[in-house]
Amino acid sequence: MAYWLFKTEPDELSIDDLKAEPSRSFLWDGVRNYQARNFLRDQVQLGDQVLIYHSSCKPPGIAGIARVSRTAYPDPSQFDATSPYFDAKSTADNPRWVAVDVQFEQKFDQLLMLDMLKKYTKLANMPLVRKGNRLSVMPVTDDEWHAILSLKALSPQD
DNA sequence: GCCAACGTTGGC
DNA sequence: GCCAACGTTGGC
C-alpha cells in the first residue's frame with residue numbers, strides 16, 4: 001500500500017464533491033503529464049491512500065484523503081473531441097493517457113495550507129513545496145504521510 | 001492578471 | 001539530439 005498526493009482545482013472536483021457522494025467512485029481524469037501518468041499507470045494500486053490537494057484557489061492546500069477504488073484504465077476524455085483533455089494523437093489501440101477512480105475517505109477539519117506545509121522541514125523534499133513544480137500526481141513517503149497527519153492533528157479546530 | 005518555472009514541440 | 005519557441009501550471 002502506498003501514499004500519493006493528487007492535485008485538483010476545487011472548481012472542477014473538490015473534497016466536498018467527494019464527500020457529498022461518499023460511496024461513489026469518481027473518475028480522476030485529465031492527467032496530461034508523462035511523469036504523473038507513469039505513476040498512475042505503473043504504481044498506483046487499489047486501496048492506496050491519496051492526499052487531495054486543492055490548487056489554483058485561495059488558499060491552496062491539502063483538503064482531505066481519498067482512496068483508490070480502481071487502478072489505471074484509459075482516460076475516456078482523451079477520445080472526447082469536446083473535452084479540453086482531448087488528444088487527437090491518442091488511439092483506442094494505444095491510448096496515451098490513463099485515469100484512476102477514487103473514493104472519499106476523509107475531509108480535514110482545517111485545510112492544511114501550502115504556506116504552512118512549506119515551513120515544515122520534514123516535507124521539504126516533496127515536489128509539492130518546491131518552487132515551480134507542476135507535478136500533479138506525486139508519491140508521498142511514509143514519513144511525509146505521518147508528518148502531514150500529525151500536522152492535521154495540530155491544526156486548530158473550529 | 002502576472003509571470004517564473006517547467007514540459008513539450010518541432011525545425012534544423 | 002539540440003535547443004529556441006511556445007504553451008501551461010499554479011502561486012502570488
Side-chain angles (χ1 to χ4, degrees), chain A residues 2-20 26-44 48-66 68 72-102 104-141 143-145 147-152 154-156 158:
Chain A
Y3 299 123
W4 301 95
L5 182 146
F6 291 0
K7 293 181 184 174
T8 179
E9 299 191 9
D11 288 350
E12 297 194 5
L13 184 67
S14 74
I15 194 72
D16 289 322
D17 295 325
L18 301 184
K19 187 179 182 180
F26 285 81
L27 167 66
W28 199 276
D29 65 358
V31 172
R32 293 294 181 272
N33 165 283
Y34 288 102
Q35 192 182 358
R37 189 276 312 265
N38 293 346
F39 284 131
L40 286 184
R41 188 189 60 191
D42 304 333
Q43 295 191 41
V44 170
D48 282 359
Q49 286 179 293
V50 180
L51 296 167
I52 300 299
Y53 177 83
H54 287 175
S55 69
S56 297
C57 58
K58 47 182 188 175
I62 300 171
I65 300 174
V68 175
Y73 58 102
D75 179 346
S77 67
Q78 71 196 305
F79 306 122
D80 175 1
T82 69
S83 167
Y85 302 124
F86 178 67
D87 184 345
K89 293 179 181 167
S90 188
T91 63
D93 284 350
N94 189 20
R96 183 178 295 191
W97 306 111
V98 300
V100 298
D101 287 357
V102 303
F104 177 74
E105 184 157 298
Q106 174 183 358
K107 181 185 176 182
F108 294 163
D109 295 317
Q110 297 269 309
L111 187 77
L112 300 183
M113 290 182 286
L114 178 63
D115 62 355
M116 181 187 69
L117 299 173
K118 281 179 171 173
K119 293 173 186 163
Y120 210 55
T121 53
K122 285 181 179 174
L123 305 180
N125 288 330
M126 292 187 74
L128 182 72
V129 300
R130 292 214 292 271
K131 187 174 182 183
N133 199 283
R134 292 148 51 173
L135 191 59
S136 61
V137 171
M138 69 185 75
V140 177
T141 67
D143 283 350
E144 289 161 351
W145 181 270
I148 288 164
L149 290 197
S150 69
L151 273 182
K152 178 206 150 208
L154 288 175
S155 67
D158 58 4

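As the structure is a computational prediction, the values presented were derived from the model and not from experiment. First the proteins, then the strands, lettered A, B, ... as listed; each starts at 1.
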To the nearest angstrom, how far is [X] atom [atom1] from [N] atom [atom2]?
X         : N       : atom1 : atom2 : result
Met138(A) : dG10(C) : CE    : C1'   : 12 Å
Arg130(A) : dG10(C) : CZ    : P     : 14 Å
Lys7(A)   : dT9(C)  : NZ    : C1'   : 8 Å
Asp115(A) : dC12(C) : CG    : C1'   : 11 Å
Lys58(A)  : dC12(C) : NZ    : P     : 14 Å
Asn33(A)  : dT9(C)  : CG    : P     : 10 Å
Met116(A) : dG11(C) : CE    : C1'   : 17 Å
Glu9(A)   : dG10(C) : CD    : P     : 7 Å

Lys89(A) or Gln35(A): which one's nearest nucleotide on DNA chain B is closer to the 5' end?
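Counting from the 5' end, the first nearest nucleotide belongs to Gln35(A).
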| task | Examine dG11(C): is either OP1 or OP2 under 4.0 Å from a nitrogen or oxygen in the side chain of Tyr53(A)? Give yes or no. | result |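 So the side chain of Tyr53(A) is within the cut-off, an N or O lying under 4.0 Å from OP1 or OP2 of dG11(C).
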Checklist entry - Is the distance from OP1 or OP2 of dA4(B) to the nearest side-chain N or O of Lys131(A) less than 4.0 Å? => result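 So the side chain of Lys131(A) is outside the cut-off, no N or O lying under 4.0 Å from OP1 or OP2 of dA4(B).
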Q | Where DNA chain B forms stems, i.e. three or more consecutive Watson-Crick or G-U pairs with both distances under 3.5 Å | A |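 When the pairs of DNA chain B are grouped into runs of at least three, the stems are B:1-12 with C:1-12.
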Glu144(A) side chain reached by Met138(A) side chain, heavy atoms, under 4.5 Å: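 No, every pair of side-chain atoms sits at 4.5 Å or beyond.
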Taking the side chain as every heavy atom from C-beta outward, state whether Leu149(A) and Phe108(A) have any pair of such atoms under 4.5 Å apart.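 Yes. Closest side-chain heavy atoms under 4.5 Å.
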- Message: Looking at Arg37(A) and Asp75(A), is there a salt bridge between them, counting it only when a charged N and a carboxylate O are closer than 4.0 Å?
- Response: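 Result for this pair is no, no salt bridge flagged.
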Q | With Val137(A), the side-chain contact (heavy atoms from CB on, under 4.5 Å) member among Val31(A), Val100(A), Asn38(A), Asn33(A) | A |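 By the side-chain contact (heavy atoms from CB on, under 4.5 Å) criterion, Val137(A) pairs with just one of Val31(A), Val100(A), Asn38(A), Asn33(A): Val31(A).
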Note to self: Tell me whether the rings of Trp145(A) and Tyr3(A) are parallel (<30°), tilted (30 to 60°) or perpendicular (>60°).
What the structure shows: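 The rings of Trp145(A) and Tyr3(A) lie parallel, inter-plane angle below 30°.
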| said: Assess the residue pair Arg32(A) and Ser77(A) against the criterion (side-chain contact (heavy atoms from CB on, under 4.5 Å)); give the C-alpha distance rounded to whole Å, side-chain angles, the decisive distance to 0.1 Å, and a yes or no. | reply: CA-CA 11 Å; Arg32(A) 293 294 181 272; Ser77(A) 67; 3.0 Å; yes
**OP:** Please lay out, stage by stage, how Trp97(A) and Tyr34(A) fare under the test side-chain contact (heavy atoms from CB on, under 4.5 Å).
**Re:** CA-CA 8 Å; Trp97(A) 306 111; Tyr34(A) 288 102; 3.7 Å; yes
